[in-house]
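The block underneath contains the structure these notes are about, expressed in structure tokens.
Numbers here simply count residues along the sequence, with the first being 1.
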Amino acid sequence: MICLRFCIDDFFYGFDCEKIVEVVPWVPLIPVIGAPEYVSGYFNYRGRITPVIDLTMLIRGHVSENILSNRIVIVHYEKEHLLGLLMADATETIDIDASNKKLQNSGINTEASYMGDIALEDGSVIQLVGIDGLVSPELKDQLFKPDRKSKE
């Protein structure tokens, strides 16, 4: 599996590249009033208003710094929506062999259902992150109004 590797507080994470539409540089975002802190805001992605979730805030509890290596990763969310994931230090892809997945989270009691398998890659521990569970049903209703498009 080819993954986009990112780093938060010296911990490595990976996101499956098959889920990615495009990786874009950080851009200023419009805040989402009343949303959880990990929702950074909206931006215009190719004529579509796209919400962005800050994975640093969601996973580690603090806002991503505005640095050159941070990226907004655009993914398809439930087929009809686009979702941006703000990833810290997302600068390289890695190939994780299925045999390198050493521990599955299925036995760990956690509310972070978006956390996947843990893999070893070149001596580093990589926590895989999935798209499922990133957005609660309530937040989905707030972020994705029916066919929300920006006006150009």
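- With sequence neighbours excluded, the residues forming a ring pair (Phe, Tyr, Trp, His ring centres under 6.0 Å) with Phe6 are Tyr13, listed by chain and number.
- With Asp16 contributing its side chain and Lys19 its backbone, the two residues share no donor-acceptor pair below 3.5 Å.
- Inter-residue side-chain proximity for Ile118 and Ile126 is flagged as unmet; no heavy-atom pair is nearer than 4.5 Å.
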Query raised in the report: What's the verdict on side chain to side chain contact (heavy atoms under 4.5 Å, CB included) for Leu55 and Tyr114, showing C-alpha distance, side-chain angles and the deciding distance?
Result: CA-CA 11 Å; Leu55 291 182; Tyr114 49 85; over 6 Å; no
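- For the pair Leu128/Met1, a side-chain contact is recorded, criterion being any heavy-atom separation below 4.5 Å from C-beta on.
- Note that CH2 of Trp26 is 9.0 Å distant from OG of Ser40, once rounded to the nearest 0.5 Å.
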Query raised in the report: Val32 and Leu143: side chain to side chain contact (heavy atoms under 4.5 Å, CB included), yes or no, with the steps?
Result: CA-CA 8 Å; Val32 181; Leu143 295 179; 4.3 Å; yes
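- In terms of the ring pair (Phe, Tyr, Trp, His ring centres under 6.0 Å) criterion, Phe43 has no residue partners (sequence neighbours excluded).
- The closest side-chain heavy-atom distance from Tyr77 to Ile131 is below 4.5 Å.
- With sequence neighbours excluded, no residue forms a salt bridge (Lys or Arg N to Asp or Glu O under 4.0 Å) with Asp132.
- Ile30 CD1: 12 or fewer foreign heavy atoms inside a 6.0 Å radius.
- Judged as a salt bridge (Lys or Arg N to Asp or Glu O under 4.0 Å), and not counting sequence neighbours, Arg71 has no contacts.
- Counting non-hydrogen atoms of neighbouring residues, nucleotides and ligands closer than 6.0 angstrom, the CD atom of Glu18 reaches no more than 12 such neighbours.
- Side-chain contact check for Met87 versus Thr56: every heavy-atom pair is 4.5 Å or farther apart.
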Report task. Start with the C-alpha gap between Val73 and Leu4, add the side-chain angles, then the distance that decides, and say whether side chain to side chain contact (heavy atoms under 4.5 Å, CB included) holds. Result -> CA-CA 9 Å; Val73 178; Leu4 177 62; 3.6 Å; yes
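- In plain terms, the two heavy atoms of Cys17 and Cys3 that are nearest each other are SG-C, 3.6 Å.
- How far NE2 of His62 is from CD1 of Ile8: 7.5 Å, rounded to the nearest 0.5 Å.
- Leu139 places a side-chain heavy atom less than 4.5 Å from the side chain of Tyr38.
- Between the side chain of Asn70 and the main chain of Asp89, a donor-acceptor pair closer than 3.5 Å is present.
- Looking at Gln127, its side chain never comes within 3.5 Å of a backbone N or O of Gly14 through a donor-acceptor pair.
- You'll find the side chain of Leu120 reaches within 4.5 Å of the side chain of Val125, heavy atoms only.
- For the pair Tyr45/Ile74, a side-chain contact is recorded, criterion being any heavy-atom separation below 4.5 Å from C-beta on.
- Legend: residues meeting side chain to side chain donor-acceptor pair (under 3.5 Å) with His76, ordered by chain and number and at least two apart, are absent.
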Query - Residues Glu121, Arg5; criterion salt bridge (Lys or Arg N to Asp or Glu O under 4.0 Å); working and verdict - result: CA-CA 11 Å; Glu121 187 62 34; Arg5 189 180 85 160; over 6 Å; no
Query - Val63 and Asp54: CA distance, side-chain angles, deciding distance, side chain to side chain contact (heavy atoms under 4.5 Å, CB included) verdict - result: CA-CA 7 Å; Val63 177; Asp54 182 347; 3.8 Å; yes
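- Distance check, rounded to the nearest 0.5 Å: CD1 of Ile53 to CG of Leu83 gives 4.5 Å.
- Within the 4.5 Å cutoff, the side chain of Leu82 has no heavy atoms near those of the Val75 side chain.
- By the salt bridge (Lys or Arg N to Asp or Glu O under 4.0 Å) test, Glu37 pairs with no residue at all, sequence neighbours left out.
- The hydrophobic clustering, which links ILVMFWY residues whose side-chain heavy atoms are closer than 4.5 Å, places Ile20 and Ile2 apart.
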